[in-house]
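Count residues from 1 along the sequence. Ligands are counted one by one from 1 in listed order, and the atoms in each one are counted from 1 as well.
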Amino acid sequence: MAQRRAAAPLDGLQTRAERTNFVETSRYDDVQTFLATVDASSPLVHLTTSGYTFEGRPLQLAVIGKVADPRPATIKASGLLRVYVQANIHAGEVEGKEVMLALARDIARGQHADWLQSMVLIVYPNFNADGTERVSLINRGFQHGPFGGQGTRANAQGLNINRDQIKLETAEARSMVRLLNDYDPHVMIDLHTTNGSRHAYHLTFETANNPAVDPAIVTQSRDWMAKMSAAIKARDGWAFRSYGNVSGQAPSRVWTTVEDLPRYTHNYWGMRNRFGILSETYSYLPFAERVTVCRRFVEEVLAYAHTNAATLKTITAAADAAPLVGTRQSIRSEVARTGTTEILMGDVIEDVNPYSGRIVHRRADVAKPEAMADETTFRSTDQERVPTAYYVPADQKAAVERLRAHGIVLEAVTAAVTSGLEVFTVATATAMDKPFENHQERTVTGTWAATDVTVAAGAWRVSMTQPLARLAVYLLEPRSNDGLATWNVLDEALKTGRSPILRTRN
Ligand SMILES: [Zn+2]
């Protein structure tokens, strides 16, 4: 009886976007009220919080599934595939937030009941919640709505959360990593809106593609995106494609994907042996259409996750258990040009935001094929042989704290280690002139060699026989293109001409 009586509130429940005919997007309080209503009306949706924004807003977390409560222990004990979705990391890119709210409601009303046999969803609908509250009608350039305004790209510190996964300087990235360590999702999805190129795709996507990522994860991810795209084409008629931006002048233009660095969330997730998926809905589709397109993407991605749940779990477990010691792991890479590919180029029509008077762009229904150089994959340019362990001295407190925050296991060294060690001698350590995210990124060259330098008791041993070893290598190798040295964590120590972090093959 309780359930039947409670079903009524969901019948009329609308998101702020739906209620305003897609003129406005949901703010923090709208997300709270909406999800609290769904939670109160359904045993399938649990509203909780996990972590904080820089300004202290508790990050709203929706846990959706056939589970008694939203605690990590309960979710992990269920044995279900755990799928994490984050929307709104860039708070002007809002349709993912609206999609995940509406999806929570619709699942509560009985849609997609089959999915809940195999998986549970763990959702940050409003990840950059501080940015969401900084509404302006001009935050997103030519993007076609919402005309009532949207939030900012950066968080309240002025930092881009989607460049923060290695250095962990935002409360939001730290909260998300804590969530990953607590819930250990198998699949992670990050919903965005495009920024630039006038192509003809309704949505572009990317998966973790750094050459250091477990190859079985890369292969399965490509199969996943191919089947998702085919399903969309067949049912909706829309062209989806792997992510790219166009540069150069015709006829020698280039289609280039996003960098493969783990500072980006989807690549970071790959480095953690998990499926990392990025989506970018086309920004010149009117807001209401972007919500529809993003919803279909999420539905097809989740349909595949449901069908392949057992396989996805097997692949991530195998990647966690893969012996890495003695293998060569990529620590630097560059985009590879692999011939030419046909890109469907689009066009836009000018509209006016009636409230700001500013010109916005609307997608024109044209698709002009154009051959372009294909830069959608990466090749390793530098590797290191994975040691048995690294040693981090106790006085490298910032490095130790970062490793712990990432969830990497550190073992206390109780007796001095005096043999079998290698030390890294720095040849060059060049800082970028141009600051990026408040840093001058450092590029280090040099070599490892046997040493009689010793490790004192009190240091920390980082074993390379642990699930996050792949990430640890990327963080700790001085020559890594996105490690602790890159982000200035080791700057003082590197002035001595040696890395403070030793390693051993014993
Ligand atoms: Zn974005």
For a 4.5 angstrom cut-off between non-hydrogen side-chain atoms, does H202 reach R363?
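They are in side-chain contact.
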As a test of understanding, state which of H192, Q150, R290, Q143 forms a side-chain hydrogen bond (donor to acceptor under 3.5 Å, both in side chains) with E93.
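When H192, Q150, R290, Q143 are each tested with E93, the side-chain hydrogen bond (donor to acceptor under 3.5 Å, both in side chains) holds only for H192.
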Hey, which N, O or S atom on [X] ends up closest to the Zn ion (ligand 1)?
X	value
E93	OE1
H90	ND1
H192	ND1

Ring-plane angle category for W224 and Y304, please: parallel below 30°, perpendicular beyond 60°, tilted otherwise.
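Judged by the thresholds at 30° and 60°, the geometry between W224 and Y304 is parallel.
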Give a yes-or-no answer on whether the side chains of T193 and E95 include a donor-acceptor pair shorter than 3.5 Å.
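Judged by distance alone, the side chains do pair up.
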